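Since the model is a prediction, treat every value here as computed from it, not as a measurement. Throughout, protein chains are lettered first and strands after them, A, B, ... in sequence-line order, and every chain is numbered starting at 1.
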Amino acid sequence: MNIGILLKEGPYNHQAADTAFKFAEAAIAKGHKVDAIFLYNDGVINATRLGDPPQDDRNIAARWTELSLKHGVEVLACIAASKRRGINDEVMIEGGEITGLGTLTDIAIRNDRLLTFGD
Amino acid sequence: MNIGILLKEGPYNHQAADTAFKFAEAAIAKGHKVDAIFLYNDGVINATRLGDPPQDDRNIAARWTELSLKHGVEVLACIAASKRRGINDEVMIEGGEITGLGTLTDIAIRNDRLLTFGD
Amino acid sequence: MLHTINKSPFENNTFTTCVRFLQPGDPVLFIEDGVYAVQAGNRFGALIQSVLKKNNPVYALKPDLDARGISAIAEGVKTVDYAGFVDLVEEHQVSSWL
Amino acid sequence: MLHTINKSPFENNTFTTCVRFLQPGDPVLFIEDGVYAVQAGNRFGALIQSVLKKNNPVYALKPDLDARGISAIAEGVKTVDYAGFVDLVEEHQVSSWL
Amino acid sequence: MSEEQDIKKIMHVMRRAPHGSIYTYEGLEMILIMAAYEQDLSVAFIGDGIYALKKDQDTAGIGIKGFSKTFMALDGYDVEKLYVDRQSLEERGLTEDDLVVDVEVMDASEIGRLMNEQDVVIHH
Amino acid sequence: MSEEQDIKKIMHVMRRAPHGSIYTYEGLEMILIMAAYEQDLSVAFIGDGIYALKKDQDTAGIGIKGFSKTFMALDGYDVEKLYVDRQSLEERGLTEDDLVVDVEVMDASEIGRLMNEQDVVIHH
């Protein structure tokens, strides 16, 4: 099964980013392909590499980089949503990319499932 | 009357930043002192200067800079909350500053009112 | 104490919760999506009237009403602009029910 | 279609709204703060039972239950882990009621 | 495989009031882009989502750009399936005449049936 | 003016469930810092806010650090006024025994009266 994920909230403030990651991890472990994680609304804040969470906490940005580099998951931030919230190529995490909503449409079309996580 | 403001949501995604600004503007127009706007939770995202909203939309970051430079309002982002969300001195708006929750306590103590805006 | 409510009562229980804690005479100010509570003819009319009857003045922020196309509001509810919001804050400490 | 609900039913009406749109046989999965709906002995027990009676299987995400200290859950509700969540998604398209 | 099979049924579900948060507005931006891809799009308005369609919204006072009229543009993009939940409308004291666009007012069970047929459902 | 007059009554109101969002956790961080300033602090748990105090929370599975036990540290910071709304507790099928700390269970009218005496009220 090929899966796309739409993530609509930023890291730490809501559990959405955690649930999306745990779901993606479990899907990959079961042999499914997680095609892409598309960041929308405040979700684009997941794409900054400037985050510096406490040592004893999870590092959510690092999780996305890992999914991208190790498992070939495209991590994509919507450009219009990113611009509103100060996310751009300057601060982009490794493995992440800015793109448009057309790409989300492609993701919706080419995958068997599109799951949404948010608030 | 001396007023402190606590802002708990980021710009554009929720109306809180708009209402806080409109309230501050009206208070200043009536001769009150707006002492500080303290950014907490996702509110710290108000402090990035990398935002680039559409031309025909309001520029929320510019509003905070204006309040700071023109009206002496301290615009302060909580350091712990900022670190989680990728806000630091590198991206800080003009007139904004990173500080700790002790400063919020001082603001609560030294002002006649502390108003909260959020989701 | 001034109580502000910024959530639509149709989706979120903030208004009904706040009412339980209100002290006699305390004003309530609806802002942002909270203003849907005072639209005339909706199912929160009775709750608004019961609040008014306990001598709690009820206000709604006019710019937020206008933004949402709400012109007819429940009887007894007053509107204020941002300057009027500041006036209420001059008179009262504030509890913002987020 | 699998319906997921991630909001506490005590503060937000997502669950009661979702129920109105449920088709017979559609499974419901509570995740995140949504899992409070299935805690045994709370006031949503009757609604959960009515959903089950219409042949809609009800699931709750076990890691979210554990995180919130919920061990006793309403009769008839099944728990799944993230792998079980993936299994449900294999079987159904998804409507995530945010 | 025919071309037909590549057309997906995608439903956008508007559930939040406008202006208090950006979800409905950014949701509408998403719909406008998706409309160019010739998929089978529909938009359902449930709960506070119907408030986005309310006539006579004037956002000048809150300093936020209004967007209710953008829903009128959907027709030009061939997004014609606009469903409104009857109960949501009624309990808000609104009627079809209060809305900026023509919609189909339906019972929840009927919208639920349509939701059930979708390949993709996105709640905003 | 006596020193006394500089002591402010500050009430923190916990209203959200833990883990689904960060508000209660970051609220607790705020309380711990404020506790060092020798003000008159109190914490009210209303609605889903009481869930933060639920015993036996094990967050290992969701990969988020738990913090319910941090409430037990409040006593050491002289934050002893912990109020829980009786109705919120009852309608969730919980009792005082389900909570990690000793609290005063009160009627809403009584918590409302205390709220009314505050100089500052912060909802989290």
Residue of the set F:R92, F:R15, F:K54 for which salt bridge (charged side-chain N to carboxylate O under 4.0 Å, His left out) holds with F:D48: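 Exactly one pass, corresponding to F:R92.
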
Ignoring hydrogens and angles, write down the donor-acceptor pairs under 3.5 Å from the side chains of residues 72-82 of chain D, residues two or more places apart or on other chains.
from, atom 1, to, atom 2, distance (Å)
D:D81, OD1, D:A83, N, 3.2
D:D81, OD1, D:G84, N, 2.8

Closest-packed option against chain D by number of heavy-atom pairs under 4.5 Å, given F:G93, F:G63, F:G20: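 Among the listed options, the one with the most contacts to chain D is F:G20.
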
[X], part contacting chain D, at a heavy-atom distance under 4.5 Å:
| X | result |
| --- | --- |
| F:I64 | neither |
| F:K55 | backbone |
| F:R16 | neither |

Taking heavy atoms only and a threshold strictly under 4.5 Å, list by residue number the residues of [range] that touch chain F; give 'none' if the list is empty.
| range | value |
| --- | --- |
| residues 35-42 of chain D | D:Y36, D:Q39, D:G41, D:N42 |
| residues 55-67 of chain D | D:P63, D:D64, D:D66, D:A67 |
| residues 21-33 of chain D | D:D33 |

Donor-acceptor check, side chain of [X] to backbone of [Y], threshold 3.5 angstrom: yes or no?
| X | Y | value |
| --- | --- | --- |
| F:Q39 | F:Y37 | yes |
| D:N12 | D:P9 | no |
| D:S96 | D:L98 | no |

Aromatic F:Y51 / basic D:R68 pairing, under 6.0 angstrom, 45° off normal: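 No - D:R68 does not lie over the ring of F:Y51 by the 6.0 Å and 45° rule.
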
Do you know which two heavy atoms are closest between [X] and [Y], and how far apart they sit?
| X | Y | answer |
| --- | --- | --- |
| D:C18 | D:H3 | SG-CB, 3.9 Å |
| F:A73 | F:Y77 | O-CD1, 3.2 Å |
| F:Q57 | F:S68 | NE2-CB, 3.6 Å |

F:R86/F:E90 under salt bridge (charged side-chain N to carboxylate O under 4.0 Å, His left out): CA gap, chis, key distance, verdict: CA-CA 6 Å; F:R86 189 184 313 278; F:E90 287 174 358; 5.0 Å; no

CG on F:D40 to NZ on F:K9, rounded to 0.5 Å: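 The NZ atom of F:K9 sits 4.5 Å away from the CG atom of F:D40.
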
D:E91 atom CD, over 12 foreign heavy atoms within 6.0 Å: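 Atom CD in D:E91 is crowded, with more than 12 foreign heavy atoms closer than 6.0 Å.
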
Donor + acceptor pair across side chains of F:S109, F:D107 (<3.5 Å):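 There is no such pair (donor and acceptor under 3.5 Å, judged by atom type) between the side chains of F:S109 and F:D107.
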
Pair D:F15-D:N13, side chain to side chain contact (heavy atoms under 4.5 Å, CB included): steps then yes or no: CA-CA 6 Å; D:F15 177 32; D:N13 299 329; over 6 Å; no

Aromatic ring proximity, centroids under 6.0 angstrom, F:Y83 and F:H12: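 Judged by ring-centre distance (under 6.0 Å), F:H12 and F:Y83 do not meet the cut-off.
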
